[in-house]
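On a predicted model such as this, the values are computed, not experimentally measured, just so you know.
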Amino acid sequence: MTYAYLTPAFRIDCEGGVHSVFKHAANAMMMLQSGPRMITLAAPRTPCLPDSICIPEEMLAELEIPMPVRLKGDCLIVDGRCIPFLRWECKPLVAYGGYPEAGAFLAATEPLANGFDMLPADIRQSAGRALLTNDAPRYIGLGFGLTPCFDDACVGVMAVCRAMGRNAPFTISDYSATTDISARYLRLAAEGYFSGPVTALIDALFTGGSIAPRLEDLLAVGATSGSDIVYGMRRALQRGV
């Protein structure tokens with residue numbers, strides 16, 4: 001059975017097309033009444049992602065841009081082929097009572113390299129200072145890759161702030177400066193939705209679970225995306241500890 005992890009935005013039928021294709025996942029840009037919004041079509045072994053549908057790998061290998069995609073009820077229709085799916089509710093991150101593993105997390109991530117290291121020193125310093133202020137939106141799109149390092153760090157900040165029961169120190173209203181894929185994750189984070197590796201690490205951090213294996217899983221995400229998210233988490237925790 002194919003599984004879907006969809007936020008309330010995708011409770012309605014919608015249409016769109018394949019936006020981008022990778023080895024183990026593809027993205028489709030769907031047209032909603034509120035505007036375009038992306039879903040990920042992923043291989044079954046891909047970590048749980050909000051607004052994603054796991055599809056057979058042989059089908060994933062056949063996807064091409066701009067192949068038509070449609071959601072109708074509990075069925076994914078790709079290029080005329082209908083694949084029924086079991087809909088699992090994608091729940092937003094909730095606030096915890098405390099963060100007992102903050103010290104262990106900060107110690108384990110102290111020497112960690114990340115995408116900020118590739119930026120010029122002056123830009124790296126000014127972006128780092130802005131990360132926990134309402135100036136953060138000025139730096140959206142800063143960095144390299146499909147999800148620039150500053151954007152990923154913002155996701156880490158939003159995850160920790162939400163787990164603390166606090167508002168993020170910034171509000172992003174314009175996503176045009178960054179990539180479509182990064183804008184997707186920033187919007188989801190603003191709504192409280194995060195990937196499986198992020199939520200697993202947050203759960204360990206705030207409930208006293210084992211940090212090491214969950215940190216390892218997050219660091220394995222992307223070239224530097226995992227470490228950039230961790231950098232944002234560190235900054236938010238340092239402010240809250």
Between Glu110 and Leu106, does the side-chain contact (heavy atoms from CB on, under 4.5 Å) criterion hold? Intermediate values first, please. CA-CA 6 Å; Glu110 177 66 36; Leu106 292 172; 5.9 Å; no

List the steps and the verdict of side-chain contact (heavy atoms from CB on, under 4.5 Å) for Val230 and Asn114. CA-CA 9 Å; Val230 168; Asn114 56 63; over 6 Å; no

Before giving the answer on salt bridge (Lys or Arg N to Asp or Glu O under 4.0 Å), spell out for Asp203 and Arg214 the whole-Å C-alpha distance, their side-chain angles and the decisive distance to 0.1 Å. CA-CA 9 Å; Asp203 186 68; Arg214 295 171 185 183; 3.7 Å; yes

Under the side-chain contact (heavy atoms from CB on, under 4.5 Å) rule, what do Ile140 and Ile172 come out as? Steps first, then yes or no, please. CA-CA 9 Å; Ile140 293 300; Ile172 304 168; 3.7 Å; yes

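Residue Ile53 is not grouped with residue Met31 when hydrophobic side chains (ILVMFWY) are merged at heavy-atom distances under 4.5 angstrom, including chains of intermediate members.
Rounded to the nearest 0.5 angstrom, Phe10 CZ and Ser52 OG are separated by 10.5 Å. The CG atom of Leu205 lies 12.0 Å from the OG atom of Ser210; values are rounded to the nearest 0.5 Å. In this structure, Leu146 CG and Ile181 CD1 are separated by 4.5 Å, a value rounded to the nearest 0.5 Å. Note that OH of Tyr185 and SG of Cys154 are 16.0 Å apart. Values are rounded to the nearest 0.5 Å. How far OG1 of Thr7 is from CG of Asp51: 3.5 Å, rounded to the nearest 0.5 Å. Between atom OG1 of residue Thr2 and atom CG of residue Leu86 there is a gap of 9.5 Å, rounded to the nearest 0.5 Å.
The two residues Gly208 and Glu101 make their nearest non-hydrogen contact at CA-CG, 3.5 Å. Taking all atoms of both residues into account, the shortest heavy-atom contact from Met158 to Ala168 is CG-CB, 3.9 Å. What you find for Phe170 and Val157 is that their closest heavy atoms are CE2-CG1, 3.9 Å. Of all heavy-atom pairs spanning Arg124 and Asp117, the tightest one is NH1-O, 3.9 Å. Pairing each heavy atom of Tyr5 with each of Leu49, the nearest pair is CB-O, 3.6 Å. Of all non-hydrogen atoms in Pro169 and Leu132, the two that sit nearest each other are CB-O, 3.3 Å.
Arg184 and Thr179 share no side-chain donor-acceptor pair at under 3.5 Å.
Considering only residues two or more places apart in sequence or on other chains, Glu89 meets the salt bridge (charged side-chain N to carboxylate O under 4.0 Å, His left out) condition with none of them. For Asp180, the side chain to side chain donor-acceptor pair (under 3.5 Å) partners are His19, not counting sequence neighbours.
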Give every donor-acceptor pair under 3.5 Å between a side-chain atom in residues 56-85 and any protein atom, sequence neighbours left out.
residue	atom	partner	partner atom	Å
Glu57	OE2	Arg45	NH1	2.3
Asp74	OD1	Arg87	NE	3.0
Asp74	OD1	Arg87	NH2	3.2

Below 3.5 Å, can you tabulate the donor-acceptor pairs from side chains in residues 186-199 to any protein atom, sequence neighbours excluded?
residue	atom	partner	partner atom	Å
Glu191	OE1	Arg37	NH2	2.7
Glu191	OE2	Arg37	NH1	3.0
Glu191	OE2	Arg37	NH2	3.4
Thr199	OG1	Ser195	O	3.3
Thr199	OG1	Gly196	O	3.0

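At a threshold of 4.5 Å between non-hydrogen side-chain atoms, the residues Asn27 and Leu41 do not count as touching. Side-chain contact check for Thr133 versus Arg129: every heavy-atom pair is 4.5 Å or farther apart. The shortest distance between side-chain heavy atoms of Leu218 and Ile229 falls below 4.5 Å. Residues Tyr96 and Thr207 form a side-chain contact, since some pair of their non-hydrogen atoms from C-beta on lies under 4.5 Å apart. Looking only at side-chain heavy atoms (C-beta outward), Pro148 and Leu142 stay at 4.5 Å or farther from each other. At a threshold of 4.5 Å between non-hydrogen side-chain atoms, the residues Met164 and Cys161 do not count as touching. Thr224 is not listed as a side-chain neighbour of Phe116, based on a closest heavy-atom distance of 4.5 Å or more. Arg234 has its side chain out of reach of Val160: every pair of non-hydrogen atoms, C-beta onward, lies at least 4.5 Å apart.
Other residues, nucleotides and ligands contribute at most 12 non-hydrogen atoms within 6.0 Å of the CG atom of Asn167.
Counting only residues at least two apart or on different chains, the ring pair (Phe, Tyr, Trp, His ring centres under 6.0 Å) pairs with a member in residues 133-158 are Tyr139-Phe150. For the side-chain hydrogen bond (donor to acceptor under 3.5 Å, both in side chains) condition, the pairs that include at least one residue of residues 146-155, sequence neighbours left out, are Thr147-Asp152, Thr147-Ser225, Asp151-Thr178, Asp151-Ser182, Asp152-Ser225.
Taking the six-membered ring where tryptophan is involved, the planes of Phe206 and Tyr99 are perpendicular, since the angle between them exceeds 60° and thus also 30°.
Checking side-chain atoms of Thr46 against main-chain N and O of Ala42 turns up no donor-acceptor pair under 3.5 Å.
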